[in-house]
Amino acid sequence: MNANITKIATGTPSERRKAEITKDFIKSFSIILVFLAICVLFTSLNEYFLTWNNWLNLLRQSSINGILAIGVTFVILTKGIDLSVGSVMALAGMMAANLVTTGNEHLVIWSILAALGTGAVVGLANGVLIARINVPPFVATLGMLSMARGLTLIYSDGRPIANLTASLRWIGSGNVLGLPVPVLIFFAVFLIGWLTLSRTTFGRYVYAVGGNEKAARTSGISTRTIIAATYVICGLLAGLAGLVLTARTTAALPQAGIGYELDAIAAVVIGGTSLSGGRGSLVGTLFGALIIGTINNGMDLMGVSSYYQQLLKGAIIVLAVIADQIRK
Amino acid sequence: MTTGSVTFDTAQQSTTGNGFLLEADGVAKAFHGVPALRNGHLKLRPGTVHALCGGNGAGKSTFLNIAMGLLRRDEGSIKIKGEVVDFRSASEALDHGIAIITQELSPVLEMTVAENIYLGREPKRLGAFIDFALLETQAQKLLDDIGFPIRANARMSNLSLAETQLVEIAKALSFDADIVIMDEPTSAIGEHEAHILFAAIDRLKHRGSGIIYVSHKLSEIFEIADEFTVFRDGNYIVSGSMKETTRKELVTHIVGREVKVVEKERPNAGAPILLEVRNLSRESEFKDISLSVAAGEVFGIYGLLGSGRTEFLEAVYGMETPTSGEVMLAGRPVPRGKPRESIKMGMAMVSEDRKDSGLVLSSSIAHNITLSALSLMAVSGFVKQQKEREVVEEMIRSQRIKTSSSELAVENLSGGNQQKVVFARCLTTNPRLLICDEPTRGIDEGSKQEIYAFLRDFAAKGHGVLVVSSEAPEILQVSDRIAIFKAGTLVDVIDGHGATQQMIMELAS
């Protein structure tokens, strides 16, 4: 690791670039090890685990939580939290589905824009409450968790919207080059998110605001705008996740996404991003989401009761944080 | 030991039972293979104040951290009252009678002074219920005994920074320790509180305790210390009696060479006005302040803690919004309360507390340096890595930041190096006016002179500097003109060439 740092500082340009790219992975090294260990464990316990089909399935299952977790990472890096993402998924899914049921066949693009737009608007509301009116993030998004759910129920009158057109369902169940569309969306979001955080001025400002808001302001950063923007991103991705979920379940359910915020936060925390802001990476979050997905998948294969799955998942969250503490 | 001999014979007194409270020899510690301390050596006598001196990176902090159990040493020996010790935690050190007062404050703001002092050691009734009455009496007695004018039942959040520091000191003293380590105890307090502290130190001395005192303010060391030890670059250099050394000699030991005091030349008369402040006020903090800084000028502001000087600077820079008045830079009005706009117009600010508002400690040196100017190194939002690296390398070189890599988190640097990173960040935006609030706080003598020289050079290029300091010698050394602040008002502006310490201190109090 030190050798790598030296390379970044003193190496030739190409050496530097390589070192830079691997740097993020090295930082997330322990989490990758944990992930590999879990894979080895399940491989030895179940022969079906390490098959291509199962992995496609696993990735598909992880993709929704993964998309959510990427948005939540932005927020947590600024020392915030977003508890409303599960409800936002349901609301966005509802908005998207309503436009493309049989007898109401708009182009699927409208449905996509509706989902993303809904998410972004709710995210903006969170951002304004938190960054402008100074409501603590926990409280603002807890309120939004309930409000967005309420809006979903009012809008749908508590009933699911089914009969989606094939074009929307394709987002959930289609394949491109042998890879499921949700997985491709997840990877694309990861790549864009990773580039944003590590390569853009905005990404730097996110880390700076989370690390020391006052110093960031002294340095001329519009901290309120940055904070609000992270909630918009988080809401937008929750809307996208809601769209994918709706497409996969082939119906928009008013109770969709309940409790999803907890898995998303868990993925971020397992991935080593600090709840006190300023430290963490999307590579960590990627593997955090994969670990949660792998545990679910592996235990499903072995026929472990979902009650035990809950127990084990909780234990792993705590263990991941302990491992991180020890490493420091 | 009260009148004891002041001779220093380091080699022959190393047997046990010679009456030293603390004896350290050959203490070494390396981090990731880089030695931070090579040969830590110190002998503390009971009833004395022992100044531990050294520049940034001298190894003082590492040595003290080892002495109080926060770090384990790699080599060497430490004896407490003749007994060889190797502490694994701060509480073990405390059990051996070592208490520590750090510059880092860690008060629980929502609790009272008494609760803070006895946090975790509250007197209890029936083994579980805190006896608040006894707690308060105990704390009040402690505060009265050491002469701190603070009420034990006051809420911490209502205390000033200086009072908070005094409470932290009281807390350390409440352990009845034989050895008290004080690391920059006066960095956050004014002259008045400092003298209250010195009186308390005197009482401790007469009780027979030994005090290891670390401060970059040499005048303090000469005021209260009996003996001194100097570290430089991780090595023990010399120790001796304060009575037998001079300021110049001590500085030479600390820096390792003779320090040239920065000379200042009078700026050109008739230079254009760079900064003009008209009738600036903010609530109860400061009232109706007007002043101007010419191009090429270092303008000093001197005032005691609470005189409104920091609040004034923050309002000029835009961290806080003034209630009335205006600020003009090179003839153009500066928008209120927008540091971002102030930077664009050519201001930069080195704030008082680098940990609080100067640096993102968890981020790397490189990312801190370029934080203000990042948008200038970006094309459509993407940071140009090559360009950024060039700026970082240039700044590390020109500001002489000592580090093995620009990728290191700033929290790993010493105070002086951290301050250089703050200056580097300010310079990346090519400012015309540099605003500095206590630019040398917690920085050693050698680096101080470097900063003074830098400020003078910066102004000589036709820029302006507005600097606040609570150290009179500092203000006198760097300023062309000096404004005296008192209770939120500007008392007077005097010529900095030829002013004396007595003059400005009288005006300020």
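In what follows, every chain begins at residue 1, and chains take the letters A, B, ... in the order their sequences are listed. Just so it is clear, the structure is predicted and the values come from calculations on it, not from any experiment.
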- Looking at B/Ser362 and A/Gly211, what are the two nearest heavy atoms and their distance? OG-CA, 3.8 Å
- Query: Which atoms form the tightest heavy-atom contact between B/Val383 and A/Thr201, and what is the distance?
  - Reply: CG2-N, 3.7 Å
- Is the backbone N or O of B/Gly358 less than 3.5 Å from a side-chain atom of A/Asn212, with the two atoms forming a donor-acceptor pair by type? no
- Task: Please confirm whether the backbone N or O of B/Met319 pairs with a side-chain atom of A/Arg217, one donor and one acceptor, at under 3.5 Å?
- Result: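 Side chain of A/Arg217 to backbone of B/Met319, a donor-acceptor pair under 3.5 Å: yes, one is there.
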- Query: Taking only heavy atoms into account, what residues of residues 218-240 of chain A are found under 4.5 Å from chain B?
  - Reply: A/Thr218, A/Ser219, A/Gly220, A/Ile221, A/Ser222
- Any chance CZ of B/Arg72 has more than 12 other-residue heavy atoms, nucleotides or ligands included, within less than 6.0 Å? yes
- Kindly check if the number of other-residue, nucleotide or ligand heavy atoms within 6.0 Å of CZ (B/Phe31) is above 12? yes
[X] versus chain A, the contacting section by heavy-atom distance below 4.5 Å:
X	answer
B/Leu374	both
B/Thr429	neither
B/Asp356	both
B/Glu341	neither

- Message: As an exercise, state the distance from CE of B/Met377 to CZ of A/Arg204, rounded to the nearest 0.5 Å.
- Response: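 Going from the CE atom of B/Met377 to the CZ atom of A/Arg204 covers 9.0 Å.
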- Message: In the structure I gave you, are the side-chain heavy atoms of B/Ser364 and A/Tyr207 within less than 4.5 Å of one another anywhere?
- Response: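 Side-chain contact under 4.5 Å: no.
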- Heavy atoms only, distances under 4.5 angstrom: which of B/Ala378, B/Ser357, B/Ala373, B/Pro339 has the most pairs with chain A? Name it, please.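 Of the candidates given, the most pairs with chain A belong to B/Ser357.
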